[in-house]
Number of protein chains: 2
Amino acid sequence: MYLSTMDATCAEFHASDPAALERIKERLLTGPLLESVAEVFKLLGDPTRVRLLDALSHGERCVCDLATLVGLSESAVSHQLRLLRAARLVRARRTGRMAFYSLDDHHVIGLLNDTRKHVAEPDPS
Amino acid sequence: MYLSTMDATCAEFHASDPAALERIKERLLTGPLLESVAEVFKLLGDPTRVRLLDALSHGERCVCDLATLVGLSESAVSHQLRLLRAARLVRARRTGRMAFYSLDDHHVIGLLNDTRKHVAEPDPS
DNA sequence: TTGACATATGAACATATATTCATGTATCTC
DNA sequence: GAGATACATGAATATATGTTCATATGTCAA
């Protein structure tokens, strides 16, 4: 197997058996599902949106209350809520000129809490 | 309460009681903890990194195997692994010139699976 | 020691993103 | 109807991000 003339790479003989690698590759997330999963995490990957969801975990709120809570303009908040709405993380209920937002999937709070635990773990190094 | 001369805003009298709002504000994630939580989600918010973590959920892998699995250059993969390592999501073990990466916190796979469930839910609209 | 290899990293570039500002729409009060 | 309010949205801009390319570091074989 140690042919010096071979155009050898790690993937070909140093590491895992190519067939095993291929099997793993087949089981990896791909396509629209992969994109959707990453998209949800991307939405959670912004401090403003984390705070919005955190605020909504205490119950339904109107846009201007949310703006007060996160310390941003109603416009900025509305833009973010639009993104969260598109991913079905929050839902809007209209009453007159008010829009009351609430969590569309309380599972999200679980993600938040789990991640909070991760970052709270002491660094072993 | 309906004083027409008052410089009234939603936050002042239309919606929640200001004191209640203030209590919620005090309980919101802030500072370094907020930033860290968002940072972890931001890392998970990229298809390449999701695939890397997904691949590592099947066990330890060297960089070149990971590059094969995700279909990117070893350089690109190394850059991403560096970010994941900084957030203690993966850990590296060196053996000679090889670097074997593995999950540093299997909790992450839970986050992945939970999110997968969310995006798999049928759209009620 | 020489050359090949596995990985790491800095710079650069193209793309994506978050907020601001201006404006639009719908609703409410007077 | 007129003016104010609550929210939404398009454009613009400044910043962040992911990949590529070139190069560096450490390891192994001959």
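Throughout, a chain's letter reflects where its sequence line sits, starting with A, and its residues are numbered from 1. In this text, all values refer to a predicted model and were calculated from it rather than measured experimentally. Every heavy atom of this structure was used, including side-chain atoms; hydrogens, water molecules and symmetry mates were not.
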* **Test log, rule side chain to side chain contact (heavy atoms under 4.5 Å, CB included), inputs B:V40 and A:T115** => CA-CA 7 Å; B:V40 169; A:T115 303; 3.7 Å; yes

* Hey, does A:L72 reach any base, or is it just sugar-phosphate, or nothing, if we go heavy atoms under 4.0 Å? -> sugar-phosphate

Side chains of [X] and [Y], heavy atoms from C-beta outward: is any pair under 4.5 Å?
| X | Y | result |
| --- | --- | --- |
| B:H118 | B:D114 | no |
| B:L89 | B:D104 | no |
| B:D46 | A:K42 | no |
| A:V119 | B:R88 | no |
| B:M98 | B:V63 | no |
| A:L103 | A:S57 | yes |

Between the protein and nucleotides 22-24 of chain C, list the N/O to N/O atom pairs that are separated by less than 3.5 angstrom.
none

* Structure fact -> Among D:dT19, C:dT20, C:dT7, the one nearest any side-chain atom of A:S73 is C:dT20

Given atom [atom1] of [X] and atom [atom2] of [N], what is their separation to the nearest angstrom?
| X | N | atom1 | atom2 | value |
| --- | --- | --- | --- | --- |
| B:R94 | C:dA6 | CZ | C1' | 8 Å |
| A:L83 | C:dA18 | CG | P | 7 Å |
| B:L81 | D:dG18 | CG | P | 13 Å |
| B:F100 | C:dT7 | CZ | C1' | 12 Å |
| A:E74 | C:dT19 | CD | P | 15 Å |
| A:M98 | D:dA4 | CE | C1' | 14 Å |
| A:L84 | D:dA8 | CG | C1' | 15 Å |

Residue-phosphate contact under 4.0 Å: [X] side-chain N/O, [N] OP1/OP2:
| X | N | result |
| --- | --- | --- |
| B:R82 | C:dT9 | yes |
| A:Q80 | C:dT17 | no |
| B:Y101 | C:dA8 | yes |

May I ask you to decide if [Y]'s main-chain N or O and [X]'s side chain share a donor-acceptor pair within less than 3.5 Å?
| X | Y | result |
| --- | --- | --- |
| B:S78 | B:E74 | no |
| A:R61 | A:L66 | no |
| B:H58 | B:D54 | yes |
| A:R93 | A:Y101 | no |

* Structure fact -> side chain to side chain contact (heavy atoms under 4.5 Å, CB included) test vs A:L44 passes for just one of A:V108, A:L112, A:L84, namely A:V108

* To do: Assign each of A:A99 and A:H79 to its nearest nucleotide of DNA chain D by heavy atoms, then name whichever residue's nucleotide is nearer the 5' end.
  => A:A99

* Asked: Do A:R97 and D:dT5 have a side chain to base donor-acceptor pair shorter than 3.5 Å?
  -> yes

* Which ones in residues 32-55 of chain A lie close to DNA chain C, meaning a heavy atom under 4.0 Å from one of its atoms? -> A:K42, A:D46, A:T48, A:R49

* Asked: Using rotation axes that map the C1' atoms of four end pairs onto the next four (five pairs an end), what angle separates the end axes of the helix from C:dT1-D:dA30 to C:dC30-D:dG1, to 10°?
  -> 20°

